[in-house]
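Throughout, numbering of the chain's residues begins at 1 and tracks the sequence.
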Amino acid sequence: MRGRVGAALSSLTLRGRCLVAAGGTLLLVGAVLGERALVQLSVFVLALPLLSAAAVARERFRLASRRTVTPARVPRGQDADVLLEVTNADSRTGGLWLLSEQLPPELGRSPGFVVERLAGGETAALAYRVHGTRRGRHTLGPLRLRLVDPFGLVLRTAAGADTVPLVVVPRVRPVGPGGPAGGHGGGGDGSRRSIAVHGEDDVSVREYRHGDDLRKVHWRTTARTGELMVRLEERPWRAQATLLLDTRMHAHLVAHRDAVARGAVPVGGPPGDDSPPPDSLEWLIEAAASIGVSLGRRGATLRVVTECGELASTGTRGGLDPEELLDALAGLRPSKVSGLGTGVELLARAAGDGPVVCLLGAVGGDDVADLVRARSGPSADFAVLVDIGSWADAGLLRGRRSPSVAARAELDRQRDDAAALLRAAGWHVSIARADSAVEQVWAELTGREATSVTGAVGLGMPA
């Protein structure tokens, strides 16, 4: 009995509880003063929420729902339309139904709908829109139903179990045709990199790098230029490029996942970008998506490694196609791994002699030294280093403690030292800041390649 009374009281709305309190007060006053009219009125006031609770408790319902999401994969910062179809699977007409769709805060506020007296077997089409504020794999639903009486005194809730996924993938920026693609002339399967085709005088060469085979030194060119030059030989080669993506948590300034839901002001980004990456990790993931999709669409076999392992591919080519890349990047989260050692080892095995693009957070001298030792092949390599402090300047740490001047100076020194070490080893390096667009940084990298020495074999592919 006590359980039933507790359940009935818990189903009362604020209006119903106020009415019960008013009825109890009238009953007490009428009993004390001996006013029969007040006692009769109090009985009516107390009976109304009880009758409403009984009516709502007796109501039976059977609902079926179906969702159609268009598109099912949406780039970060864009919208997806959802069509929610609710069917009354019972033969009786439904009452007053208050419906709400459960959504993660990254997709916006949960929409609410009012469906009144839906006939048995009929379907109500309800539409709403979600905004892909945060990259990731999200779930729409389940549907929550609230039954109320006509007076708004009693509320009964029930939740469904059906859901539908929505994948928010990184944005793909138009980075242009430059940069590495693993081969010369657009290579796909069976492509060849033709280096020396006109005889000994026209052989392609480049500057000697530490670790090169001395048997490949081209003495005639070395004597003519006064610098040690090595020969690039023609060999069958499948177009391939490899990305190293640094997702270590301590190497980035990472925004709270529910920052937008809390009403946080977006960080300042590149001019004209109304949805800039919220933190340095998201900037690198967006760069990996843009560069990787561009290379994949131009025929390169793409492999992506992080400090935790290689992003798995389901294809038979041994690399990620553009759709697989975006799906894999959508689920990436910051890792707690301290160093890049595993990623560098995987990079050395996966890349071979093909070019690599390293997208790095705050790196130390040991990490960069390992990269330099791991890469001594004939291909030009590229690295993007993020300026962590620029995200603090752009407002990412608003409401949190900012790094000290000494800490900022140390971060800048490490970044500059790492960039200098990479450039000395023949890498093309660019610095990414909070106000830098991905396509701008990529243009800086490919511009340096275009003006480099003749021996830096044509790694770009026509669009």
Side-chain angles (χ1 to χ4, degrees), residues 135 169-173 175-183 238-248 251-252 277 280-313 315 317-335 337 340-361 363 367-368 370-372 374-375 377 379-386 422 427-430 432 438-439 441-442 444-446 449 459-461:
R135 172 188 53 82
V169 299
R171 297 187 305 176
V172 176
R173 310 298 291 175
V175 297
R238 181 174 179 172
Q240 177 174 310
T242 307
L243 302 183
L244 171 62
L245 179 59
D246 182 3
T247 64
R248 296 172 300 160
H252 295 278
S280 60
L281 176 59
E282 192 66 33
W283 194 102
L284 284 189
I285 291 177
E286 189 168 295
S290 304
I291 297 169
V293 167
S294 176
L295 298 179
R297 288 174 177 171
R298 285 150 50 195
T301 299
L302 182 69
R303 301 180 70 174
V304 181
V305 299
T306 72
E307 69 282 353
C308 297
E310 182 173 359
L311 301 189
S313 169
R317 296 180 57 194
L320 295 165
D321 62 35
E323 300 301 321
E324 289 178 329
L325 172 65
L326 294 179
D327 284 340
L329 292 177
L332 276 185
R333 294 288 178 264
S335 76
V337 177
L340 285 174
T342 300
V344 173
E345 292 177 5
L346 289 172
L347 179 71
R349 292 199 299 264
D353 287 340
V356 302
V357 179
C358 293
L359 305 171
L360 305 174
V363 292
D367 296 321
V368 172
D370 291 341
L371 271 176
V372 171
R375 298 296 300 165
S379 299
D381 297 324
F382 299 77
V384 176
L385 280 63
V386 294
L422 288 170
W427 288 60
H428 305 292
V429 182
S430 186
V438 172
E439 52 268 36
V441 173
W442 187 245
E444 292 177 2
L445 284 177
T446 56
E449 181 192 16
L459 295 171
M461 295 175 59

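Put simply, the residue from Val344, Asp367, Leu340 that forms a side chain to side chain contact (heavy atoms under 4.5 Å, CB included) with Glu307 is Leu340.
Glu282 is linked by a salt bridge (Lys or Arg N to Asp or Glu O under 4.0 Å) to Arg76, Arg135, counting only residues two or more places apart in sequence or in another chain. Evaluation of the salt bridge (Lys or Arg N to Asp or Glu O under 4.0 Å) rule for Glu345 yields no partner, not counting sequence neighbours.
Rounding to the nearest 0.5 Å gives a distance of 12.0 Å between CZ of Arg349 and OG1 of Thr242. How far OG1 of Thr342 is from CG of Leu347: 12.5 Å, rounded to the nearest 0.5 Å. Glu310 CD to Leu243 CG: the interatomic distance, rounded to the nearest 0.5 Å, is 11.0 Å. The CZ atom of Arg375 sits 10.5 Å away from atom CG of Leu244, with the distance rounded to the nearest 0.5 Å. Here CD1 of Ile291 is found 10.5 Å from CD of Glu286. Values are rounded to the nearest 0.5 Å. We find the CG-CD1 distance between Leu359 and Ile285 to be 10.0 Å, quoted to the nearest 0.5 Å.
Between Leu284 and Val386 the shortest side-chain heavy-atom distance falls below 4.5 Å. The closest side-chain heavy-atom distance from Leu311 to Leu332 is below 4.5 Å. For the pair Val293 and Leu325, the minimum side-chain heavy-atom distance is below 4.5 Å. Side-chain contact between Leu302 and Arg297: absent, with no pair of heavy atoms (C-beta onward) separated by less than 4.5 Å. With a 4.5 Å cut-off on side-chain heavy atoms, Leu445 and Trp427 do not count as touching. Looking at Glu439 and Ser290, their side chains never come closer than 4.5 Å, going by heavy atoms from C-beta outward. At a threshold of 4.5 Å between non-hydrogen side-chain atoms, the residues Leu371 and Asp381 do not count as touching. Looking at Val169 and Leu329, their side chains never come closer than 4.5 Å, going by heavy atoms from C-beta outward.
Counting all heavy atoms, side chain and backbone alike, Gly309 lies closest to Leu346 at CA-CD1, 3.4 Å. Closest approach of Ala351 to Val356, counting heavy atoms only: CB-CG1, 3.4 Å. Shown here for Trp283 and Ala432, the closest heavy-atom pair between the two residues is CH2-CB, 3.4 Å. Arg171 and Ala289 get closest at one heavy-atom pair: O-CB, 3.9 Å.
Formation of a donor-acceptor pair under 3.5 Å by the His252 side chain with backbone atoms of Asp246 is found in this model.
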**Request:** Could you go through the side-chain contact (heavy atoms from CB on, under 4.5 Å) check for Thr306 and Val337 one step at a time?
**Result:** CA-CA 10 Å; Thr306 72; Val337 177; over 6 Å; no
Going through the distances and angles, do Cys358 and Leu422 end up as a side-chain contact (heavy atoms from CB on, under 4.5 Å)? CA-CA 11 Å; Cys358 293; Leu422 288 170; over 6 Å; no
